[in-house]
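In what follows, a single structure is set out as structure tokens and then discussed.
Numbers here simply count residues along the sequence, with the first being 1.
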Amino acid sequence: MRTATLGPAQRVESLASMAERELDVLVVGAGVVGAGTALDAATRGLSTGLVEARDWASGTSSRSSKLIHGGLRYLEMLDFALVREALKERGLLLERLAPHLVKPVPFLYPLQHKGWERLYAGSGVAMYDAMSMARGHGRGLPTHRHLTRSHALRVAPCLKRDALVGALQYYDAQMDDARYVATLVRTAVSYGAKAANRARVTGFLREGERVVGAKVQDVEAGGEYEIRAKQVVNATGVWTDDTQGMVGERGQFHVRASKGIHLVVPRDRIHSTTGLILRTEKSVLFVIPWGRHWIVGTTDTDWDLDKAHPAASSADIDYLLEHVNSVLAVPLTRDDVQGVYAGLRPLLAGESDATSKLSREHTVAHPVPGLVVVAGGKYTTYRVMAKDAVDAAVHGLDMRVAECVTEDVPLLGAEGYRALWNARARIAARTGLHVVRVEHLLNRYGTMTEELLALIAEDPSLGEPLPAADDYLRAEIVYAASHEGARHLDDVLTRRTRISIETFDRGTRSARDAAQLMATVLGWDKDQIEREVQHYEKRVEAERESQRQPDDLTADAARLGAPDIVPL
């Protein structure tokens with residue numbers, strides 16, 4: 001079984017190694033595109049480094065709608081090339097690259113007009129299925145079907161009877177976006193890449209007009225490294241313009257941030273066996289199954305405030321509740337909302353004033369010698385973006401380099417996943433865990449589940465659930481720090497797990513237990529445990545306060561009331 005460990009010792013070694021000798025490619029930014037770029041470069045045989053100022057996926061890539069989809073609405077915009085590309089990637093992820101992380105999910109589209117709407121929407125969904133099949137990677141999903149109103153209400157009893165005259169049901173896919181990125185980083189490291197989070201680029205190294213590397217600050221331990229590379233790839237998403245500014249050159253394009261917020265509500269608040277997709281005056285609204293919860297989203301509004309912590313205002317929450325309640329027989333209230341999160345889409349700025357109409361296409365540019373910039377795009381097509389970025393970097397390398405192979409490189413945990421899934425009852429019997437717990441682990445770690453089971457065998461107490469967050473085992477907290485690069489409590493409760501949005505207390509009741517488990521790996525003393533817990537509690541309170549504010553400005557100010565990094 002191929003694996004990689006991203007513990008504290010490996011992080012120190014990675015930074016030292018990157019600074020020791022010139023790399024072929026240094027990737028800045030470890031969201032899904034940056035992590036994918038590092039994997040692409042490493043699997044072409046290039047010496048590769050990856051640095052991230054905060055945590056893996058701490059920006060946009062942990063705050064998405066968690067969908068892997070072709071984008072039905074882009075068909076309506078006649079953007080057939082984007083949809084075709086995304087559907088191919090969806091099929092690859094489901095069938096070959098990450099079957100343990102990417103899963104099919106059904107959606108119901110309520111029809112509100114007789115006759116023409118069924119023909120119009122039905123032809124679009126039929127084309128969606130046909131385009132997927134034509135790529136040879138869509139046969140794993142059921143095709144769409146037309147439902148009468150009574151049939152639709154049996155599938156989704158939550159809907160008001162007068163909210164629809166019939167419905168269409170079709171399939172897309174979903175994943176845990178932050179977990180996917182952490183797995184992507186580990187996969188890149190397993191193929192030889194060096195990776196370090198909490199490593200902030202403070203400037204670029206220049207030789208004349210050429211970029212030859214970056215100055216990198218170790219945010220955790222202090223100190224600065226000069227990392228030299230033949231090519232640097234800027235994959236910083238909504239921070240692209242800021243990173244570009246360090247070069248002192250005007251960028252060839254501008255990245256504009258669009259805020260999308262999501263609500264997380266308990267599964268029993270919406271009685272349905274399928275997700276929902278609804279039209280709004282601005283975009284579409286999804287109600288997405290998410291374990292024991294639903295995710296309701298999203299908004300689409302311009303954002304020019306703090307990029308690290310985009311805030312959801314009271315107006316944002318009211319907007320989503322108003323639109324979803326327009327079709328629900330039993331409306332949702334503020335008291336039903338367990339979690340709220342806000343993310344920023346990196347959109348390539350165009351002439352349209354509406355962010356919902358800006359392009360989800362991506363662009364790769366070579367603004368100065370030695371520097372490649374990749375921006376735009378959508379989560380589903382990250383692998384294509386990474387390929388294009390590395391292709392551009394290869395043009396600046398004075399050497400022959402192999403073609404992209406990531407279409408045939410499964411992520412860690414994928415190889416043998418289906419065999420372990422078939423053996424889950426035997427694994428449960430062998431380990432003493434309930435089969436539901438084994439399924440939970442397999443769908444988060446794939447074949448790397450064996451590494452967690454080894455931790456539990458060594459310390460059976462790790463097989464117990466984390467207090468106040470019953471869905472997760474104590475072993476997962478330890479594993480996040482020892483194998484997945486988690487450096488702080490916030491990393492674990494917000495990204496390695498989703499406790500921060502899946503519990504009404506937003507993880508505050510689990511915080512101390514989780515911090516004590518992390519301390520065994522990271523060597524924290526009692527003072528540091530206390531700092532971690534206090535920092536997390538302040539962060540949750542700042543988020544709650546921001547969500548009580550009437551608009552973006554006041555919400556942003558409230559969210560910034562909590563500090564970002566815990567002092568060591």
Side-chain angles (χ1 to χ4, degrees), residues 52-55 57-63 178 197-198 200 217 219-220 237-239 242 257-264 297-299 301-321 334-335 337-345 468-469 486-512 514-515 518 524 527-568:
E52 162 59 45
R54 295 186 296 148
D55 184 28
S58 55
T60 304
S61 295
S62 61
R63 306 175 192 185
N197 54 358
R198 309 285 177 184
R200 183 186 305 278
Q217 178 191 12
V219 178
E220 294 288 287
V238 294
W239 286 271
D242 303 292
S258 163
K259 183 180 72 168
I261 83 145
H262 298 80
L263 310 180
V264 182
T298 180
T299 58
T301 54
D302 216 357
W303 180 265
D304 58 6
L305 301 170
D306 179 63
K307 294 188 183 79
H309 303 294
S313 69
S314 181
D316 291 327
I317 295 169
D318 287 343
Y319 173 87
L320 287 182
L321 289 176
R334 285 287 189 114
D335 290 340
V337 177
Q338 274 184 304
V340 181
Y341 65 93
L344 300 177
R345 303 174 191 86
R487 299 289 303 166
H488 292 286
L489 181 59
D490 188 50
D491 299 342
V492 169
L493 297 183
T494 307
R495 286 174 290 279
R496 302 307 183 281
T497 70
R498 292 317 183 113
I499 294 169
S500 67
I501 58 171
E502 292 176 345
T503 59
F504 278 109
D505 63 90
R506 304 203 178 173
T508 53
R509 289 197 298 147
S510 306
R512 189 165 301 278
M518 294 180 70
W524 293 344
D527 288 344
Q528 181 62 22
I529 291 173
E530 196 60 40
R531 280 194 293 269
E532 293 282 341
V533 173
Q534 286 183 8
H535 168 263
Y536 185 77
E537 289 173 346
K538 285 177 183 174
R539 198 214 79 165
V540 170
E541 183 47 45
E543 284 190 349
R544 287 188 188 277
E545 183 61 29
S546 71
Q547 290 154 22
R548 289 190 281 264
Q549 302 306 309
D551 54 40
D552 283 352
L553 272 174
T554 51
D556 180 64
R559 176 60 187 89
L560 292 177
D564 195 19
I565 297 293
V566 179
L568 291 173

Please give me the minimum heavy-atom distance between [X] and [Y], naming the atom from each residue.
X      : Y      : value
Ala468 : Thr503 : O-CG2, 3.8 Å
Ala469 : Ile499 : CB-CD1, 3.6 Å
Arg200 : Val219 : CB-CG2, 3.9 Å
Leu320 : Ile261 : CD1-O, 3.5 Å
Asp316 : Ala312 : OD2-CA, 3.7 Å
Ala515 : Leu489 : N-CD1, 3.8 Å

Would [X] and [Y] pass as an ion pair if we require N to O under 4.0 Å?
X      : Y      : answer
Lys538 : Glu541 : no
Asp556 : Lys259 : no
Arg559 : Asp306 : no

Rounded to the nearest 0.5 Å, how far does [atom2] of [Y] lie from [atom1] of [X]?
X      : Y      : atom1 : atom2 : value
Leu493 : Ile501 : CG    : CD1   : 12.0 Å
Tyr341 : Thr298 : OH    : OG1   : 7.5 Å
Tyr536 : Asp491 : OH    : CG    : 11.0 Å
Thr494 : Asp55  : OG1   : CG    : 9.0 Å
Arg63  : Arg345 : CZ    : CZ    : 13.5 Å

Candidate pair Glu532 and Arg512, rule side chain to side chain contact (heavy atoms under 4.5 Å, CB included), full reasoning:
CA-CA 8 Å; Glu532 293 282 341; Arg512 189 165 301 278; over 6 Å; no
Check whether any side-chain N or O of [X] sits under 3.5 Å from a backbone N or O of [Y] as a donor-acceptor pair, and report yes or no.
X      : Y      : result
Thr508 : Glu537 : no
Ser313 : Gln547 : no
Ser62  : Ala57  : yes
Thr497 : Val492 : yes

Say whether Gln528 and Arg531, considering side chains only, have a donor N or O and an acceptor N or O under 3.5 Å apart.
yes
Tell me yes or no: between the side chains of Ser314 and Arg334, is some donor less than 3.5 Å from an acceptor?
yes
Output, in order, the C-alpha distance, side-chain angles, deciding distance and verdict of side chain to side chain contact (heavy atoms under 4.5 Å, CB included) for Leu344 and Lys307.
CA-CA 8 Å; Leu344 300 177; Lys307 294 188 183 79; 4.2 Å; yes
Less than 4.5 Å apart, side chain to side chain, heavy atoms only: is that true for Arg539 and Ser500?
yes
Contact between Val340 and Arg506 at the side-chain level, heavy atoms closer than 4.5 Å - yes or no?
yes
Determine, step by step, whether Asp304 and Asp552 satisfy the side chain to side chain contact (heavy atoms under 4.5 Å, CB included) criterion, reporting the C-alpha distance in whole Å, the side-chain angles of both residues, the deciding distance to 0.1 Å, and the verdict.
CA-CA 10 Å; Asp304 58 6; Asp552 283 352; over 6 Å; no
From Met518, Arg198, Arg54, residue fulfilling side-chain contact (heavy atoms from CB on, under 4.5 Å) relative to His488:
Arg198
